[in-house]
Each structure stands twice: as structure tokens, then as C-alpha cells.
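Taking it in order: structure first as C-alpha cells, then the write-up.
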There are 2 protein chains.
Amino acid sequence: MSKKVTTIKDIAERLSISIATVSRALRGSSDIKRETKLAVMEMAKEMDYHPNLLASSLSSKKSKILGVVVPTINRQFWSNSISGIENVAYDKGYKVMIFQSAESFQKEVEIVETLANSRVDGILLALSKETNTYNHIQSIMDRGIPVLLFERVCSEINSSKVITDDFNGSKEVVQHLIDRGKRKIAYLSGPISLGVCEDRLNGFKEAHKDNDLHFDQNLILEISDFTFEAAENALIKLWEMEDKPDALFCFADILAIGALEASRKLGISVPEDLAIAGFGNDDICRFVTPSLTTMSQPSFEMGQLAANLILEEINSEDDEHQPHHRTIKPILVIREST
Amino acid sequence: MSKKVTTIKDIAERLSISIATVSRALRGSSDIKRETKLAVMEMAKEMDYHPNLLASSLSSKKSKILGVVVPTINRQFWSNSISGIENVAYDKGYKVMIFQSAESFQKEVEIVETLANSRVDGILLALSKETNTYNHIQSIMDRGIPVLLFERVCSEINSSKVITDDFNGSKEVVQHLIDRGKRKIAYLSGPISLGVCEDRLNGFKEAHKDNDLHFDQNLILEISDFTFEAAENALIKLWEMEDKPDALFCFADILAIGALEASRKLGISVPEDLAIAGFGNDDICRFVTPSLTTMSQPSFEMGQLAANLILEEINSEDDEHQPHHRTIKPILVIREST
DNA sequence: TTGTAGGCGTTATCAT
DNA sequence: ATGATAACGCCTACAA
């Protein structure tokens, strides 16, 4: 009952020619007579032939597949950057397989290993927030698989990287808040162990320094759950302080939205009592009330750039490709919340 | 320079045993002496062995991989259902590869073909909105690959299916609007060619019938772009009518949000002048002003169910597995917009 | 331009 | 419990 799948061997037999010729004809190889090529194509169609990519990749050592690993696809920054990656990958004849680590180190390791063992041509990776050792990555790079880190990167790995200019982006947001007359600016950060978060914190500090403003460590809250609820709780905590902040900068839009929600519940008027700014520019920012000021990250373009870089590396001849580092500037989008 | 990758053959040689034994040991086969098994494992570690999944799948005809194809990952319904799929798949030792068709028929065909040619063990598919012929699906089913359609399904294919109860869900929303005293209810639909849209429209009509309300075809707008802007324009058009609607039901939350935005610009007060309801219950619904009434689709659970069904089919002995059809009831979430 | 034959890395079937 | 060896389906020198 299991239907007989036709292979190039079957085609060869029916046409009384060699397997090699069929293989070449199917792949549009150069030195092939027009007629035989056409004959093969026709027979392939007639016999409902479909190439076995496993066999093909195994033999050719190329899969024309890119692997992408992100913490989650359920946030616009990530899904948009994936679209950017696909946009250029498909153009150049590559397919992309998407995986989510769910912010789990364990899963990230498994996925990266599977990808490598499946012989994808390259891996685009954004680290999970739990990740702080990098053997799994070094290992596959040592095995000769091109890796590119984007957005969530680390200094320990010497690969190509595409990141946001977090330091200056953050600095600019804070400067904007200061320009609005705010002086006690709180910051909702993700885990400082993440490079992104560290850079944004440093930008935050730098802006304070530039303006001779006191940097108050008590106003820095580090939260590890990227959820609305976590942000709500954080704001509630901030508002219990005797010396309340007059502005809040959030590491990600999702947190800013949570904070906005909390301030509505607490009766805090935004931006008068508390100005709020986020980072990312998810669609939702335009639609909340008040609409949310945020740093717009060109996620789609980041994806495109990342894909271009790794494809360049994949198709480069020399074995010791020099890794590229690219930084993309985010753009401040000012809305009602500040 | 290209590093030598170690294979089971290398291990066999170093241990002076046969590759068959190594293969068995690595896979924890039963009849293997403890010592040899341990020796193999150790040597594998020492030589930094990694299995080649291509070779393994080629030979065993199993990949332990599920393919998932959705129109886009950039909407919560889809990303959540994928999480549901992964949730059960990973538990049962399967990995899942995610692909987006970007609502393009052409891309859907390519992806499905690639997936089949890569010998994934099963394919979970939500049709693109362009899709209205189904040979590509029938073809891979004929090749013996289990396929499950979810959310975006069609009657032409006899596979397992998991769908939302769109008819009753829609009916219930409309009934709710009627209960709120609304009488002229407009409907922003997606392409009626989509089964989902047709069912929801039918539910819409049914509710009218149940309440002896006149069904006005002029109040049905079919839009094909699932964007905020498309919805805004649609509402503007509706509002130019001499006989304006007093309620608006939208096929998807994203459209409802767009309509909300448009009504703000037009000075329409929601829900007094116009009640608005969506479908899906994306996070954003809670945070817009006024917050949005919507039909909550249990997307994560749908994904879980879908994965369970297809895995059951994959692991069923008999060749002629009977397809299952499951319908999941959405839940009305009433908020300020109605 | 085409054919031959070995190889890609595993699994699986017989033997032993 | 282990070993040979033939698949798996395709690619690619090397020959012809």
C-alpha cells in the first residue's frame, strides 16, 4: 500500500540511460544534450518524480537551508527580523527554518545541535536570556558551520554580528526625557547579563553624565520576565518609593505597555506625572492611550542585513572568512506618552 | 583546513569493532553488552562525534521532525498555535520546523514541496488566503505523508482538521451586539473564499435570522489586506453611507483595532455611536482604549490538539488512518468597545 | 555528451 | 552480542 516513490534510478531505467545523466539533466547541468534533458524532464513529470533532499544534501554537502533561532516568534521584533531574513534568503534560493528557544538555554543548545546535525548551510542566532556559556556555539563553528549572531549577541564568540546601537539609542531616549524636563528617570531593564541590556543601561548612565544628573541605582529595576504583568508589578513597586520617579524608560515595548496599564490603574497621569518610553516600536505602541514614545528598531532591515552577511560568508571561497560586525541605528519615535 | 568530521566508521575503527555495533550502541539498542556500549559512548565523546541526521533519516525513513506552515508568524493567533504544537511535539521527541507562506499560494506550494522532499514525518498546514487549488496538498498526501489542516482548511482535502467553531462564535458575537441594542451591524470580512470567513459570515446571517433582523448586504465589506490601514479605510467608507451602521464586527482583531483608530479620527464614540468587536483576542485588545470585545480563540490549545492528532496518525500502525475533525469553541470576552 | 563506480553516513537484514 | 553487507537516493570524479 505504501506508494512506490520514484527515484532518478527509475527514470534512468525507463529511459535506458545512466543515473548520472538523469542527475545532471535534472539539475540543469551544462554539458547535456537538449533532447536528453527534455526527455528526462518529461519523464520525471510523467513518473511524478520528486527529489529526495536528504539524499541530495547528504551527497552534495549543501542544503540551501538557513536555520534561524530566536527566543520567541511571538514578538514583533523577532517575527519582523525573520521576515527580513526570509526576504533575502528566498531571493537567493535559500529556505529558512525557524526555531524558538523559548528563552531556554537547554532548548537553544538542542536546536543548535539539531540544526548543525541536519547540515544546514548557516545558522542565524539570537541568544536566549539564560545563555551565558557558549560552547555549543563555538562547537558548531569549529565544525565549519557559519554562524551569525544578531541582536542578542556575546563577546565570547568571534562570529559575524548584527546589533542595534543600543548604547546611543538608549542615551537618546533618556536625553529626550531630560529635554522634557524630567529629572528622576527610572529604568526597567532586562537581565543585565544580556549584552543588549547592559548597553542600554550604559547609554542611560551616559545621558545622566552628559547632563550632570545624579544616577540613582534605586531607580533601576531588573526584571527577567518579559511580560505585561512583570512590568505592572515593577511600576507598583516604584510608586511605593518615597521619592517617586517622574519618568520611566523601559527596555522593551511590552514592558512599557504594562507600565502604562499599571499607571492607569494607579491613577498616574502620563506623561504629566510620569513620562513613559519604550524600545522597539511594536505596532501596539501606536494604538495604546496615550500612544507610546519608543525607539524604533528597524527589525526587518536587520534581518535582511544578517541574511546578506551570512550568505556572503557561506558563498565565500576562502576558508577563513573575516567576521563582520554591523550596528544599526534605531530611530526615536515621539508620541503622547512623553 | 575543513575539519574532519568524525563518523561512526571512525569510532568503529578506533575501537576495532564493526560500524553496526557502534550504530546500535549509540542508539541504545537492546542487545548490546554494557561494556561495549560504554566504550562507544566514551569514544564518541572523545572524538567529538555528532550524528548526521541526513544520513540517519535517509536510511531510517524517519526524521522526527514536524513541518508547520502558517500564513505569518507575526500574529498572535499563529505564533501561539505554533507554541502549542511545539509544546506537545517536543515532549514526544519531535522537533518542529516553522515556515511562513506570507499568504502566497506560490510560496505555500514551494514550502510544502520542500517539506515533503525533506521527508518530514508530518505537516501541519494553515492555508494561505490565495490558495484555492489543492493539488500540492493532495500530492504529498498521496506520497504517504501525513497532513493536518488547521484553522485555514478546505473541504476538498480529506485530512485531519482542527478548526475554530467559527459559525457559532460569530453568531454569538453578533447576538451580543444585538443584545446591546444594536440593529445595523456591519461586518468586515476577509476573503469569503476562505472557509473561516464564509463560516463567520454565515454565523453573522444566522444571528440576524434568529432575531428577525434585516440582513443588509451593503454592510458587508470584504477586504483582503489584513492591515490596520485597510480597516481604517473600510470604516471611513462605511461612515460615508447615508444609513450608518451602529455596530461593527471584524473578522480579526487587527481589523477591529484599525477601525477603532479610524473612529477616533472621525470622532465616532465607541461604543455609543458604534460598537466594535473583533475575533481572536490578541494581547493588544486589552490595552487599546476603549478595550476591545472579542472572541477569544484558544490558539495554544488548538496547536496542542493538532500536534496530538498528527502524531497519533504518524505513529498509527494501519496505513489507512481515519482522519479526525475537531472543532474548538471560542469564548466571548466582553470589554469596553461594546 | 554520457557512463561507471565509488562515496556521503546511517540503518537494517542476515548471518555467525 | 557482533559482524558483513546491502540498501537509502543522489552526486561527482574519472573514463570513455
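Computation of the quantities below employed the complete heavy-atom set of this structure, encompassing side-chain atoms and omitting hydrogens, waters and symmetry-equivalent molecules. A, B, ... follow the sequence lines: proteins, then strands. Residue 1 opens every chain.
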Below 4.0 Å: OP1/OP2 of dT11(C) and any side-chain N or O of S56(B) | yes

Is it true that the side chains of D142(A) and Q138(A) contain a donor and an acceptor less than 3.5 Å apart?
-> yes

Rounded to whole Å, the CD-P distance (E13(A) to dT2(C)) equals 18 Å

Can a side chain N or O of K37(A) be found less than 4.0 Å away from OP1 or OP2 on dT1(C)?
-> no

What is the ring orientation for H324(B) with H321(B), classed by angle as parallel under 30°, tilted 30 to 60°, or perpendicular over 60°?
-> perpendicular

Where S159(B) and V147(B) come nearest, the two heavy atoms and their spacing = CB-O, 3.4 Å

Identify whether any heavy atom of S57(B) sits under 4.0 Å from a base atom; if not, whether one sits that close to sugar-phosphate; answer base, sugar-phosphate or nothing.
-> nothing

Return the value, rounded to whole Å, for the distance between atom CD1 of I17(B) and atom P of dA4(D).
-> 11 Å

With respect to the side chain of N52(A), which nucleotide from dT1(C), dG9(C), dC10(D) is positioned closest?
-> dC10(D)

Using a cut-off of 4.0 Å on non-hydrogen atoms, how would the nucleic acid contact of L54(B) be classed: base, sugar-phosphate, or nothing?
-> nothing

Dump the pairs, protein N or O against N or O of nucleotides 12-16 of chain C, anything under 3.5 Å, distances to one decimal.
| residue | atom | partner | partner atom | Å |
| --- | --- | --- | --- | --- |
| dT13(C) | O4 | R24(B) | NH2 | 3.3 |

Does a salt bridge link R143(B) with E113(B), judged by any charged N lying under 4.0 Å from a carboxylate O?
-> yes

Starting from C1' on dC8(D), measure out to CG on L58(B) and report it in whole angstrom.
-> 4 Å

May I ask you to say what K9(A) touches in the nucleic acid, namely base, sugar-phosphate or nothing, with a heavy-atom cut-off under 4.0 Å?
-> nothing

Just compare dT10(C), dC8(C), dT2(D) and give me whichever is closest to any side-chain atom of I32(B).
-> dT2(D)

Give the rounded distance in Å between these two atoms: CG of L38(B) and C1' of dA1(D).
-> 15 Å

Want to settle it: does S18(B) or A55(B) sit nearer the 5' end of DNA chain D, counting the closest nucleotide to each?
-> S18(B)

Would you mind reading off the distance between I8(A) atom CD1 and dG3(C) atom P, rounded to a whole angstrom?
-> 13 Å

Provide the closest heavy-atom pair for S118(A) versus L53(B) in the form atom of the first, atom of the second, distance.
-> OG-CD2, 3.6 Å

Nearest whole angstrom, please: distance from the C1' of dG9(D) to the CZ of R119(B).
-> 9 Å

Bend angle of the helix from dT1(C)-dA16(D) to dT16(C)-dA1(D), end axes from five pairs each (to 10°) | 30°

Regarding the side chain of K33(B), the nearest nucleotide among dT10(C), dC10(D), dT2(D) is dT2(D)

Side chains of S104(A) and E130(A), donor plus acceptor under 3.5 Å | no

Under the salt bridge (Lys or Arg N to Asp or Glu O under 4.0 Å) rule, collect the residues that match up with R119(B), sequence neighbours excluded.
-> none

Return yes when atom CD of E42(B) has more than 12 non-hydrogen atoms of other residues, nucleotides or ligands closer than 6.0 Å, and no otherwise.
-> no

Rounded to the nearest Å, what distance is computed from the NZ atom of residue K61(A) to the P atom of nucleotide dG7(C)?
-> 13 Å

Applying salt bridge (Lys or Arg N to Asp or Glu O under 4.0 Å) between E103(B) and each of R152(B), K129(B), R75(B), report the one that passes.
-> R152(B)

Figure out the CG/C1' separation between D31(A) and dT12(D), and round it to whole Å.
-> 12 Å

Distance from Y90(B) atom OH to K95(B) atom NZ, nearest 0.5 Å?
-> 5.5 Å

